[in-house]
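Right, one structure below, let's go through it.
Reckoned from all heavy atoms, side chains included, excluding hydrogens, waters and symmetry mates. To find a chain, count down the sequence lines: A is the first, B the second, and so on, and within it residues start at 1.
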Amino acid sequence: MTCAADREPTLERRGFLVWVFWTAMALIASSVVTPLVAFFSGPLVQRRSPVRVRIGRLDDLPLDRPQRVEFVLRRHDGWVTESGRRAAWIVKRQNGVTAFDPRCTHLGCAYRWRDATGQFVCPCHNGLYDLDGRVVGGPPPRPLDTYAITVEDGILYLVPSPQRRTA
Amino acid sequence: MRGIEPIVSWLDERLGVRAIGRALFARKIPAGTGWIYTLGSITLFLFVLQLATGTLLATSYAPTPDHAFDSVRYITEEAPFGSFLRGLHVWGATVMVVAVLLHTLRTFMTGSYKFPRELTWMSGALLIMLVLGFGFTGYLLPWNQKAYWATQVGARLAEQVPLLGPAIARLLLGGGELGPQTLTRFYAVHVLVLPAIVVSLIAVHLFMVVRQGISAPPRRGEATAIASDRAEDRQRALAEYARRKEGGKSFYPYTLAKDAVAIFLVLALVASLAWYFAPEVGEIADAAETSFNPRPEWYFLWLFQFLKYFPGNLEVLGAVVLPTVGFALLFALPLLDRSRHRHPLDRPFMLAGALGVLALLVGLTIAGARSPLATAYVPMAPTVARGARIFHELHCESCHSVRGRGGAVGPDLAVSIPGHDSAWIRAHFRNPAELLPGSPMPAFGLLDDEIEALVAYVEELRGGGPPSENAPELFGRYCTACHELGGRGGHIGPSLDDIGSSRSRSFLHRYIEDPKSLFTDSRMPSWLAPRGPLSHEQIEDLARFLAAQHGQSARNLPSQSRKENP
């Protein structure tokens, strides 16, 4: 027969083992889950250094008329180094040059220039932008995104990573 | 805990979770099960760890020959925690094989495979084979030299199976050659087929463990029932077990706390190995690189060594027949062993047999690990290897030759041209027309790291950069006693007039430092201080000097020609 005095240490031992079990499980789970989550979340912290692309002579571009330019972008993407075709819209005005990311700021469709109205038109939901990329109609939430540009010795270069502008 | 009570009740009314919980966690475990009884839980945990790490690795892995190696390199060198994650997977596999073997050994020693647990053992024997299958298929996936050649050997072994061998090898490889179809097959088997089978089989294995209870630790002289005994004897054995089980403590928390602590320690071990001994990326698989020494993963080394003892026509015995018989014996052990005893000392023949097999496996593994490499092999530095790949991808050899092989439009790249140092080459790659107006070389628009890799490769071709002014003098003082160069020197060792055409700078460096590490029968002494007279820098100087020797009079050497024509 077990009396109360005997049972006391057993209960203490049981409580201790319960604590040991749950502590060990918490340590195991956290030390396994941490690297897994960090690995999976890589895209949140990884940023590729931008690449500068040569477009052409600035003098060759027409004034006040958007020009669609295509270029080849060589870049690392994950484990692949690829050369892929990209495009940009270049607008040369009296007061400077702007390069626009060729995707509508609404949902990313490729917009085009309509000469008759003098507007950029998005074919998906009828987003409209003027020559400076400002929204003049439709659902787009903000003006067209731009690319950073530099001009050296009359040659136009751009960095094809979109920069947001506020409305 | 009170807060979840209504949820538990809700679930219990629908699913009976309380009864399930009691059956799983409140079941009694016979007294005396010590720490060695945690090996099964450790194995189970390691398998779950493999599933978790493997799933994450699969998010950044491409199972095609042109991307597999690069994606593994990306995981290892660029992805956050990638090296650690891959380390957990690779070391987890190794530790899991050890845990499986120890778990099997424990079950064998305590005679736990006997009535009524024969099926638990048999499902375990199948799981051992599947774990080795995981190892074999997973080994190929990094698509590096080790992977490629070990799989090559594995496929040839399969070919040895009588009659069906060639068909099995073709099914394994997905054709007649190790290639893209092999990789996708191995990948699918590794990440879909084997996990599905193993998870189901583990479920069966665990169901039986719970159903029959963990075997009570054996006692000296105690006899139990066997399958062919009369029904009442078998009932008596079951009743005796039930009595011992009742005398034990509940699974939770008594056994589980021990399991959790053991698992935590094993995880700490695997994590330390992954952190401090991160697995290497290696060199990309190359069917043309014939100086590589294939070695299997350590848990196949016993077979690798075993095969050396079987001459040609008997090889099928070592490769197929004996391993199959061995596995069949392991699988059928509970049916073959008719003894009623469970304590190892009551089963001297079984004990001796098991220890004999174990000693044989350990001995073969050690002998395999220590067997000398057939040819000396020094791998290229990773940047150089990457440069070599870009060189081939851009088809540079259409215009440039390397040691006389290739196009003749541009200059031979193995020859250094005075004034064209790495800075010049770098600028030239960026914009060929800038330094050489009218150069027909196209501007490839290469990224900075690609240019660095190409520069490293060209530097390596040219002997890793120019040697110093002192290199010819160093050579004259220490080497000419045995080696001839440009018509002068001894004949004890080979002439070194054309050594740069067959050996790289890194090879020569290592060879001068420690010849016996590359050729065990080399008669050349080690030259590195304190065993020899030369410093690390002097040896590098000599290695560059020698790597630039391409042909009879070694006239391509700027430093030497300057000395001879003052």
Side-chain angles (χ1 to χ4, degrees), chain A residues 2 7 9-55 71-86 152-153 155 157 160, chain B residues 45 48-49 52-53 55-57 59-62 66-88 92 249-250 252-268 270-271 274-275 386 390 393 443-450:
Chain A
T2 32
R7 210 174 295 145
T10 317
L11 279 178
E12 252 175 47
R13 182 172 144 77
R14 188 188 160 91
F16 172 70
L17 288 177
V18 166
W19 179 85
V20 166
F21 172 72
W22 287 106
T23 309
M25 287 311 279
L27 283 171
I28 293 164
S30 55
S31 30
V32 170
V33 168
T34 308
L36 298 186
V37 170
F39 182 81
F40 192 72
S41 318
L44 295 178
V45 292
Q46 271 181 316
R47 294 279 188 271
R48 292 286 179 192
S49 50
V51 179
R52 200 175 78 150
V53 189
R54 186 191 145 108
I55 297 300
F71 52 91
V72 173
L73 177 66
R74 189 167 176 83
R75 57 174 204 133
H76 295 301
D77 190 352
W79 50 90
V80 179
T81 308
E82 51 155 31
S83 299
R85 276 174 62 221
R86 293 284 187 285
E152 276 171 32
D153 303 328
I155 306 289
Y157 297 88
Chain B
F45 164 74
V48 173
L49 182 69
T53 51
T55 304
L56 267 292
L57 286 173
T59 61
S60 289
Y61 175 76
D66 43 356
H67 291 310
F69 178 82
D70 281 321
S71 60
V72 173
R73 188 195 54 70
Y74 169 79
I75 289 171
T76 314
E77 293 174 359
E78 289 181 46
F81 279 88
S83 172
F84 183 59
L85 191 67
R86 188 171 159 233
L88 285 180
K249 291 211 167 76
S250 65
Y252 172 83
Y254 295 97
T255 307
L256 269 180
K258 216 184 289 173
D259 282 344
V261 170
I263 287 169
F264 179 72
L265 294 176
V266 168
L267 176 62
V270 175
W275 191 264
R386 181 143 186 265
I390 299 173
E393 278 165 21
F444 291 98
L446 295 170
L447 299 167
D448 287 350
D449 57 306
E450 292 181 298

Checklist entry - What distance do A:T23 atom OG1 and B:F264 atom CZ have between them, rounded to the nearest 0.5 Å? => result 10.5 Å
Checklist entry - Is it the backbone or the side chain of B:L56 that comes under 4.5 Å from a heavy atom of chain A, or both, or neither? => result both
Next on the checklist: Quick check on B:F84 against chain A: is it the side chain, the backbone, both or neither that has a heavy atom closer than 4.5 Å?
Outcome noted: side chain
Next on the checklist: Can you tell me which portion of A:V18 sits under 4.5 Å from chain B's heavy atoms? Options are side chain, backbone, both or neither.
Outcome noted: both
Checklist outcome for this item: In terms of heavy-atom contacts, A:F21 and B:Y252 come closest through CD2-CE1, 3.6 Å
Checklist outcome for this item: Scored by heavy-atom pairs under 4.5 Å with chain B, the best of A:R75, A:R54, A:M25, A:R74 is A:R74
Checklist outcome for this item: Rounding to 0.5 Å, atoms CD1 (A:I28) and CG (B:L49) come to a distance of 10.5 Å
Checklist outcome for this item: Note: A:R14 and B:Y254 closest approach over all heavy atoms is CB-OH, 3.2 Å
Checklist outcome for this item: Checked B:E393, B:K258, B:E78 vs chain A; the most non-hydrogen pairs under 4.5 Å come from B:E78
Checklist entry - What residue in B:A79, B:A271, B:A260 has the most heavy-atom pairs under 4.5 Å with chain A? => result B:A260
Item to check | Pick from A:L27, A:L17, A:T81, A:V20 with the largest number of heavy-atom pairs that fall under 4.5 Å of chain B | outcome: A:L17
Checklist entry - Picking from B:S250, B:G82, B:S60, B:A52, which has the most non-hydrogen pairs under 4.5 angstrom with chain A? => result B:S60
Item to check | Interface residue of largest heavy-atom contact number with chain B, from A:G78, A:S31, A:G42, under 4.5 Å | outcome: A:G78
Checklist outcome for this item: Okay, B:D259 and chain A: the region with an atom under 4.5 Å from a heavy atom over there is neither
Next on the checklist: Using heavy-atom distances under 4.5 Å, tell me whether B:F69 contacts chain A through its side chain, its backbone, both, or neither.
Outcome noted: neither
Item to check | Interchain contact, B:L256 with chain A, by part (heavy-atom threshold 4.5 Å) | outcome: both
Checklist outcome for this item: Rounded to the nearest 0.5 angstrom, the CZ-CG distance for A:F40 and B:L85 is 12.0 Å
Next on the checklist: Let's go through B:I75 and A:F39 carefully: what are the C-alpha distance in whole Å and the side-chain angles of both, what is the deciding distance for side-chain contact (heavy atoms from CB on, under 4.5 Å) to 0.1 Å, and is it a yes or a no?
Outcome noted: CA-CA 9 Å; B:I75 289 171; A:F39 182 81; 4.1 Å; yes
